[in-house]
Amino acid sequence: MTKIYNFSAGPAVLPRAVLERAQSEMIDWHGSGMSVMEMSHRGKEFTGILNKTETDLRTLLNIPQNYKVLFLQGGAIAENAAIPMNLLGSGEADYVVTGAWSKRSVEDASAYGKINVVASSAAENFTHVPAFDCWNLNPNAAYLHICTNETINGVEFDGLPDAGNVPIVADMSSHILSRPIDVNQYGVIYGGAQKNIGPAGLCIVIVREDLLDRALPITPAVFNWKTQSENQSMINTPPTYSIYIAGLVFEWLLSLGGVEAIEKINIKKAGLLYDYIDSTDFYFNKVAVKNRSRMNIPFFLKDESLNDAFLKGAEAQGLLQLKGHRMVGGMRASIYNAMPIEGVEALIHYMQQFEKAH
Ligand code: PMP
């Protein structure tokens with residue numbers, strides 16, 4: 001049977017070891033006689049799973065005690081609305097637009113108050129992060145919103161601006177846990193799970209405690225970070241099975257040596273693919289080198305009329321989901337934590353073959 005490598009941008013590949021463990025525990029979790037799916041979210045079994053999941057995430061990202069970790073629903077897009085509802089008050093917020101997802105964040109937040117786009121790379125088709133010293137930051141902004149890895153455009157931040165006392169709110173959906181971060185530099189970190197964390201249906205929000213008392217009165221309880229943090233993310237029924245799988249992914253990452261260890265592998269994987277793309281005129285990537293994403297690698301064939309043949313041939317070799325996002329075109333290889341280096345090598349091997357044949 002052909003070995004399958006799934007390059008989907010999300011929902012995306014999960015570690016094989018995690019899926020096998022979930023399979024073995026599917027019907028009878030730890031002798032409880034129940035599947036995790038069947039358990040009360042308030043029972044001792046699931047409460048134990050939730051606590052361990054949070055503890056492991058705190059260990060992986062070295063999350064300080066003055067930050068709350070929330071396990072919510074509605075995906076990152078729900079947070080696009082929750083962020084202004086929880087933080088904007090009667091003030092204004094700064095947003096930086098570096099790709100399709102931060103653009104969407106501006107659109108969603110604008111319903112709740114005054115949103116200022118203080119820097120944008122739209123005019124350059126989202127191929128870089130604008131230089132920090134060109135950002136027109138407002139020192140009185142309620143917060144500064146950025147998307148530190150643009151999944152569709154393949155643009156990743158290579159540092160953070162100095163925002164003074166303005167809390168930075170970062171959408172890390174597509175690169176959370178791929179590299180170490182200093183949580184203290186952020187007011188809020190959020191991300192949908194379906195890339196580096198687990199199944200869709202779960203969104204993680206890490207929020208500094210002092211930001212929890214600013215919610216607008218219209219904020220629904222499910223999206224009110226303070227209410228959720230006071231109720232262990234259980235103001236409603238949380239996405240229990242997704243949380244359980246996230247917990248298994250966190251255990252897997254810890255067993256590999258944590259984010260420091262996976263970062264080394266991620267640098268290697270992305271390096272292999274970019275180096276190959278740069279070594280030939282047959283393929284190209286448009287993103288400024290210092291902002292090239294380690295997770296999402298868009299690339300183009302010089303002769304776009306070969307796109308369909310490229311995708312068909314890739315699929316025949318078990319290399320799936322390589323079609324680029326419709327907004328960008330071309331190809332995109334998403335190589336999250338769970339993509340083994342062999343998958344990247346197989347892709348490069350196929351790209352070389354295809355180049356030779358055409
Ligand atoms: N932000 C980023 C960076 C994303 O990649 C995505 C989904 N691909 C979203 C936001 C939206 O996430 P969701 O569909 O889970 O709401």
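All ligand and atom numbering here is 1-based and tracks the order in the structure. Positions are given from 1, in the same order as the sequence printed here.
In this structure, the protein non-hydrogen atom closest to atom 14 (O) of ligand 1 is Gln194 NE2, 3.9 Å. Shortest contact from atom 5 (O) of ligand 1 to any protein heavy atom: Thr151 OG1, 2.4 Å. Protein heavy atom at the shortest distance from atom 1 (N) of ligand 1 is Asp171 OD2, 2.6 Å. Scanning all protein heavy atoms for the shortest distance to atom 11 (C) of ligand 1 gives Trp101 CZ3, 3.5 Å.
No hydrogens or angles considered: nothing links the side chains of Ser178 and Asn196 as a donor-acceptor pair under 3.5 Å. Inspection of the Asn51 and Gln232 side chains reveals an N or O donor paired with an N or O acceptor under 3.5 Å. Side chain to side chain, His175 and Thr148 meet the donor-acceptor criterion of an N or O pair below 3.5 Å. Checking Asp171 against Ser173 by side-chain atom types alone, a donor-acceptor pair falls below 3.5 Å. No side-chain donor from either of Tyr336 and Asn266 sits under 3.5 Å from a side-chain acceptor of the other.
Ring geometry for Trp135 versus Phe132: interplanar angle over 60°, hence perpendicular rather than tilted (30 to 60°).
Contact annotation for Lys195 and ligand 1: only side-chain heavy atoms (C-beta onward) come within less than 4.0 Å of the ligand. When non-hydrogen atoms are compared, ligand 1 lies under 4.0 Å from the side chain of Ser173 (C-beta onward) but not from its backbone. At a 4.0 Å heavy-atom cut-off, ligand 1 does not touch Ile152 at all. Here Cys203 has no heavy atoms under 4.0 Å from ligand 1, in either its backbone or its side chain.
Below 3.5 Å of separation, one finds an N or O of Ala76 facing an N or O of ligand 1. Distances between N or O atoms of Ile77 and those of ligand 1 include at least one value under 3.5 Å.
Under a 4.0 Å criterion applied to the non-hydrogen atoms of Asn149, ligand 1 contributes the atoms 3 (C). Of all atoms in ligand 1, listed by their number and element, those nearer than 4.0 Å to a heavy atom of Gly75 are 15 (O), 16 (O). Listed by number with element, the atoms of ligand 1 under 4.0 Å from a non-hydrogen atom of Cys147 are 3 (C).
Side-chain contact between Val222 and Gln228 is present, with at least one heavy-atom pair separated by less than 4.5 Å.
Here the CZ-OG distance, from Arg332 to Ser8, works out to 7.5 Å after rounding to the nearest 0.5 Å.
Geometrically, Lys3 engages Tyr5 in a cation-pi contact defined by less than 6.0 Å to the ring centre and at most 45° from the axis.
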